[in-house]
Amino acid sequence: ACEAALSRSRLQVGGNATILRRLNFRSSPGIQNNWIRTNLPGTEVEVIDGPVCLPHFIGAYVWWQIRLPDGQVGWSAETSLFGGIYFIEPKP
């Protein structure tokens, strides 16, 4: 599942990106008790680490560490479980 998920990734460390839809921001990669906040569409972020791929059921999420405009650092998933919807896109 991770190989397929990573092949759909469009982000890279050092790049800038824009959040496309409401997106959870977490203290570590993965879906556990690590939620910090939910970021809104249009938020511009800096990609500072990743990717980290974590299987989830029969698919996987690709996680990236991002820095928000206020300097806060955390992790968000780039795309949906099966890659049909992107949550973050690279900024040209």
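Heavy-atom basis, side chains included; hydrogens, waters and symmetry copies ignored.
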Strictly by side chain to side chain donor-acceptor pair (under 3.5 Å), give each pair with a member in residues 46-57 just once, sequence neighbours left out. Glu46-Arg67
Cluster check Phe87, Phe57: I/L/V/M/F/W/Y, side chain < 4.5 angstrom: no
Can you list everything that forms a salt bridge (charged side-chain N to carboxylate O under 4.0 Å, His left out) with Arg10? Sequence neighbours excluded, please. none
Side-chain cluster (under 4.5 Å, hydrophobic types only) that Tyr86 belongs to, other residues: Leu20
Which pairs with one or both residues in residues 14-41 pass salt bridge (Lys or Arg N to Asp or Glu O under 4.0 Å), sequence neighbours excluded? Arg37-Asp70
Is there a side-chain contact between Ile48 and Val73, using heavy atoms and a 4.5 Å cut-off? yes
Which residue pairs pass the disulfide bond (SG atoms under 2.5 Å apart) test when at least one of the two sits in residues 62-92, sequence neighbours left out? none
Hey, are the side chains of Trp63 and Ile31 touching, using non-hydrogen atoms and a 4.5 Å cut-off? yes
Test of understanding: with side chain to side chain donor-acceptor pair (under 3.5 Å), list the residues that count as partners of Thr43, not counting sequence neighbours. none
Take atom CD in Gln12; do more than 12 heavy atoms of anything else shown fall under 6.0 Å from it? no
Quick one: closest heavy-atom pair of Ile88 and Ser76, and the distance? CD1-CB, 4.1 Å
Tell me, which pairs form a disulfide bond (SG atoms under 2.5 Å apart) where one or both residues lie in residues 38-88, sequence neighbours left out? Cys2-Cys53
Rounded distance [0.5 Å steps], CZ in Phe25 versus CD in Gln72: 4.5 Å
Got a second to check how far Glu89's CD is from Ile19's CD1, nearest 0.5 Å? 11.0 Å
Which residues satisfy the side-chain contact (heavy atoms from CB on, under 4.5 Å) test with Glu3, sequence neighbours excluded? none
side-chain contact (heavy atoms from CB on, under 4.5 Å) partners for Pro51, two or more places apart: Leu6, Val62, Trp64
Side chain proximity check, Val47 to Asn16, heavy atoms < 4.5 angstrom: no
Please give me the minimum heavy-atom distance between Gly30 and Gln32, naming the atom from each residue. C-OE1, 3.1 Å
Tell me every residue that passes side chain to side chain donor-acceptor pair (under 3.5 Å) with Ser27, counting only those two or more places apart in sequence or in another chain. none
Could you tell me if the side chain of Ser9 sits less than 4.5 Å from the side chain of Thr79, heavy atoms only? no
Exam field: side chain Thr38 to backbone Leu23, donor-acceptor pair closer than 3.5 Å: no
With a 4.5 Å limit on heavy-atom distance, are the side chains of Asn39 and Leu68 in contact? yes
Could you note down all residue pairs passing disulfide bond (SG atoms under 2.5 Å apart) where residues 55-92 supplies at least one of them, sequence neighbours left out? none
Reported CD1-to-CH2 distance for the pair Ile36 and Trp75, which is rounded to 0.5 angstrom: 12.0 Å
Please list, chain by chain and in numerical order, all residues satisfying salt bridge (charged side-chain N to carboxylate O under 4.0 Å, His left out) with Glu44, sequence neighbours excluded. Lys91
